[in-house]
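Report on one structure; see the data block that follows.
In this text the structure is predicted, and so the values were computed from the model without any measurement.
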Amino acid sequence: MADFDEVLQHIGELGPYQIWLCFLVYLPALPCCMHMFSLVFIGATPVHYCATPELDEVLLERNASLAERKNLTIPWELTDDVWDYSSCARYNLSGYISANSTAAPTFNMATNLSTTECDAGWEYDRSQFQTSVSIEFDLVCQRKWLNNLAQSILMVGVLFGSVLFGDLSDSNEWPDFQFLNCCSRFGRKWTFFRVLSLQVIFGVANAFTHSYVTFVFLRFLVGACAYPVFMIAFVIGQEIVGPSKRALAGSVIELAFGAAIMVLAGLAYAIREWTFLQLAITLPSAVCILSWWLVPESPRWLIARGRLEEAMDIIQLMAKRNGKTLPSDIRLENKTQVVTLTMTRGQHSALDLVRTPNMMKKSTLIFFNWFAVTIMYYGLSLSTGDLAGDDYVNFFLVGVVEVPGYLTSYLVIDRLGRRVPHMLYMVVGGVACVAAAFIPKHLSPLTITLVLIGKFGAAGAFNIIYIWTGELYPTVVRNVGVGVSVLWSRCGGIASPFIALLKDVWGPLPLIILGAPACLAGALALLLPETLGLPLPQTMEEAEHFGRRRRTNEQHMPENDVESDFEMLEPQ
């Protein structure tokens, strides 16, 4: 009798067939991740100024240039120590024109005219963005917060999707991972392709809406479906490989976020109309649905459900595709039910995360780190339009620096542990953000460099915090702890779009808010215990003593190190 991990020793922990399956389920994660950042371009706000329809006819007759027209109708204002035409005010010309309409084109800024808001709408510079959500719905000036709200609503959808499809209680299948309710009930394959289909439907509908309210509602639904696709792909990849290859499989799909940013930058550069860009992001997922006939159900899920014959058929196929031969006398056994009954005696809930002093301290520090790293990650990703230089190049580079962030963090944690590397990634990223806030405008390349360093730190810290979180919580509430931590990260994602608005209060403030909490969270993380090389706690009693004293860790850890292989990576 053998469980699935023992079977993988015969057919390969990561053979050609597993690599092929990972490719098929990881590929749809790419467009789903692009939805998370797409508003950077589909909601881009170009240079704009007030429309003045009362002067249009006169100015056209005199063949006035754009510069002449703006000089006649738009006041100047000082922004960030730079004088420029106002984007949200115009001269009040009504009284002047009624008194002397024929002379209207001859007045200048010295004329004693009052200013007013853009009561006749706006005109937009379409040289870079031919259309965008901001242009179509006039999300500028006093309405610009509605653009940030659209991104925040998407993150609310992500939170909703995480709760709807996520199981915050311990799974009865595999205690090392936060499983999905629908996945556990209907299977990985069924849930994956149906949620992917819904994401395509809502994404396409989002491209054809002409109402802001409808647009925001559909963004909510896209977020609620897009992120679960990524989550389920992550789960499938973890389930079909052996224990020693799980961290590698998780690292590869983590790279989907960086790759999505780079691909999105290229698509946005080629497609300047937001409707077509939204379709370009969404429709590749429709093609991925065709892989339904190529992706089998997870053998691990079938075994946990007692469907051993179906699982054995898939295992035989895996062995054949990997060029391996299974022993003729091998039989499947579902050991997870026994493990689960042993580990889940007694009732545990999220309250156990803060019930005792040591657990409360650890949970508070963990939640704060999740919140801080999420604000820094998404805040930097969504604010590239505020940087000097080319928007597309800046956004592409923000994706590029994620790759070394993920890879270096993956390499160092097994050598230096979790605590110090996480602190370094958080503090380096946070300090870079705060420093970038005070760089003079004429040194924009230095500002961009510091922002990229901040993004590098955020990516590395994101990788480490999930592994570390799973190791700090005991087995009986591990999935509860990870689930609540992820919910805190979603709160950070919801808040991050509005941070950019604070630049109207004080220019450096957004970057300070992105960086300062990361520095503080990284420093406080040193109060958490190191977990490298230690057996993981299984009971609440062990967790309460874990980390109080170094020797106490050894005294209260069980001899059975069945959990010591736990090493997962969390999708942002």
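- Side chain of Arg418 to backbone of Ile413: a donor-acceptor contact under 3.5 angstrom is found.
- Heavy atoms from other residues, nucleotides or ligands lying under 6.0 Å from OH of Tyr392 number more than 12.
- The side-chain heavy atoms of Phe192 and Pro28, taken from C-beta on, include a pair separated by under 4.5 Å.
- Annotation: the span from Asp313 atom CG to Glu297 atom CD amounts to 13.5 Å, rounded to 0.5 Å.
- Taken from CG in Leu472 to OG1 in Thr531, the straight-line distance is 6.0 Å, to the nearest 0.5 Å.
- The minimum heavy-atom distance between Ala461 and Met426, with the atom names listed, is CB-SD, 3.5 Å.
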List the steps, then state whether ring-ring contact (aromatic ring centres under 6.0 Å, His included) holds for Phe396 with Tyr269.
-> CA-CA 10 Å; Phe396 180 83; Tyr269 180 80; over 10 Å; no
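- Taking both residues in full, the closest heavy atoms of Ser485 and Phe367 are given as OG-CE2, 3.5 Å, listed atom of the first, atom of the second, then distance.
- No more than 12 heavy-atom neighbours from other residues, nucleotides or ligands sit within 6.0 angstrom of CH2 on Trp20.
- One distance of note links CG of Leu39 with CG of Leu382; it measures 8.0 Å at 0.5 Å rounding.
- Using a 3.5 Å distance cut-off with no hydrogens or angles, the side chains of Thr408 and Tyr425 do pair a donor with an acceptor.
- Ser381 and Ile261 make their closest contact through OG-CD1, 4.4 Å (heavy atoms, listed as atom of the first residue, atom of the second, distance).
- The backbone N or O of Glu541 sits nowhere less than 3.5 Å from a side-chain atom of Glu544 that would complete a donor-acceptor pair.
- Under the side-chain contact (heavy atoms from CB on, under 4.5 Å) criterion, Leu27 pairs with Phe23, Cys288, not counting sequence neighbours.
- A distance-only check finds no donor-acceptor pair linking the side chain of Glu13 to the backbone of Leu8 [under 3.5 Å].
- Ser363 OG to Phe368 CZ: the interatomic distance, rounded to the nearest 0.5 Å, is 15.0 Å.
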Pair Ile281-Leu264, side-chain contact (heavy atoms from CB on, under 4.5 Å): steps then yes or no | CA-CA 8 Å; Ile281 295 170; Leu264 178 59; 3.6 Å; yes
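- Across every non-hydrogen atom of Val373 and Ala458, the tightest pair is CG2-O, 3.6 Å.
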Give the intermediate values and the outcome of side-chain contact (heavy atoms from CB on, under 4.5 Å) for residues Thr214 and Phe208.
-> CA-CA 10 Å; Thr214 306; Phe208 294 102; over 6 Å; no
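- In this structure, the side chains of Pro299 and Met318 come closer than 4.5 Å at one or more pairs of heavy atoms.
- Within the 4.5 Å cutoff, the side chain of Gln316 has no heavy atoms near those of the Lys320 side chain.
- Under a cut-off of 6.0 angstrom, the local environment of CD in Glu309 is sparse, with at most 12 non-hydrogen atoms contributed by other residues, nucleotides or ligands.
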Verify side-chain contact (heavy atoms from CB on, under 4.5 Å) between Ile240 and Cys22, making sure each step is shown before the conclusion.
-> CA-CA 9 Å; Ile240 63 176; Cys22 284; 3.9 Å; yes
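- In this structure, the salt bridge (Lys or Arg N to Asp or Glu O under 4.0 Å) partners of Arg355, at least two apart in sequence or on a different chain, are Asp352.
- Contact detail for Met540 and Pro474: the closest heavy-atom pair is SD-CG, 3.7 Å.
- Ring pair Phe41/Phe395: centre-to-centre distance below 6.0 Å.
- Contact check for Leu380 versus Val398: no side-chain heavy atoms found under the 4.5 Å cut-off.
- One finds the CD atom of Glu471 at 12.0 Å from the CG atom of Leu528 (value rounded to the nearest 0.5 Å).
- Contact check for Glu402 versus Phe456: no side-chain heavy atoms found under the 4.5 Å cut-off.
- When all heavy atoms of Ile11 and Ala319 are compared, the closest pair comes out as CG2-CB, 3.5 Å.
- Qualifying side chain to side chain donor-acceptor pair (under 3.5 Å) partners for Asp391, counting only residues two or more places apart in sequence or in other chains: Gln128.
- Rounded to the nearest 0.5 Å, atoms CG (Asn369) and OG (Ser489) are 12.0 Å apart.
- For the side chain to side chain donor-acceptor pair (under 3.5 Å) with Ser298, the qualifying choice from Lys189, Arg188, Glu239 is Glu239, the only one to do so.
- Counting heavy atoms from C-beta outward, Val403 and Met262 have side chains that approach closer than 4.5 Å.
- No side-chain donor-acceptor contact under 3.5 Å links Glu273 to the backbone of Thr275.
- Partners of Glu310 according to the salt bridge (Lys or Arg N to Asp or Glu O under 4.0 Å) rule, which considers only residues two or more places apart in sequence or in another chain, are Arg307.
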Do any side-chain atoms of residues 193-207 form donor-acceptor pairs under 3.5 angstrom with protein atoms, and if so which ones, sequence neighbours left out?
unit_1	atom_1	unit_2	atom_2	d
Ser197	OG	Phe193	O	2.7
Gln199	OE1	Ser285	OG	3.2
Gln199	NE2	His35	NE2	2.9
Asn206	ND2	Phe215	O	3.4

Take Leu397 and Lys455 through the side-chain contact (heavy atoms from CB on, under 4.5 Å) test and state the conclusion after the steps.
-> CA-CA 10 Å; Leu397 292 176; Lys455 188 62 183 299; over 6 Å; no
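- Using a 4.5 Å cut-off on side-chain heavy atoms (C-beta onward), Phe257 and Tyr406 make contact.
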Just distance, no hydrogens or angles: give the donor-acceptor pairs under 3.5 Å from side chains in residues 149-161, sequence neighbours left out.
unit_1	atom_1	unit_2	atom_2	d
Gln151	OE1	Arg219	NH2	3.3
Gln151	NE2	Met36	O	3.0
Ser152	OG	Ile494	O	2.8

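- Using a 4.5 Å heavy-atom cutoff, the side chains of Tyr473 and Thr469 are in contact.
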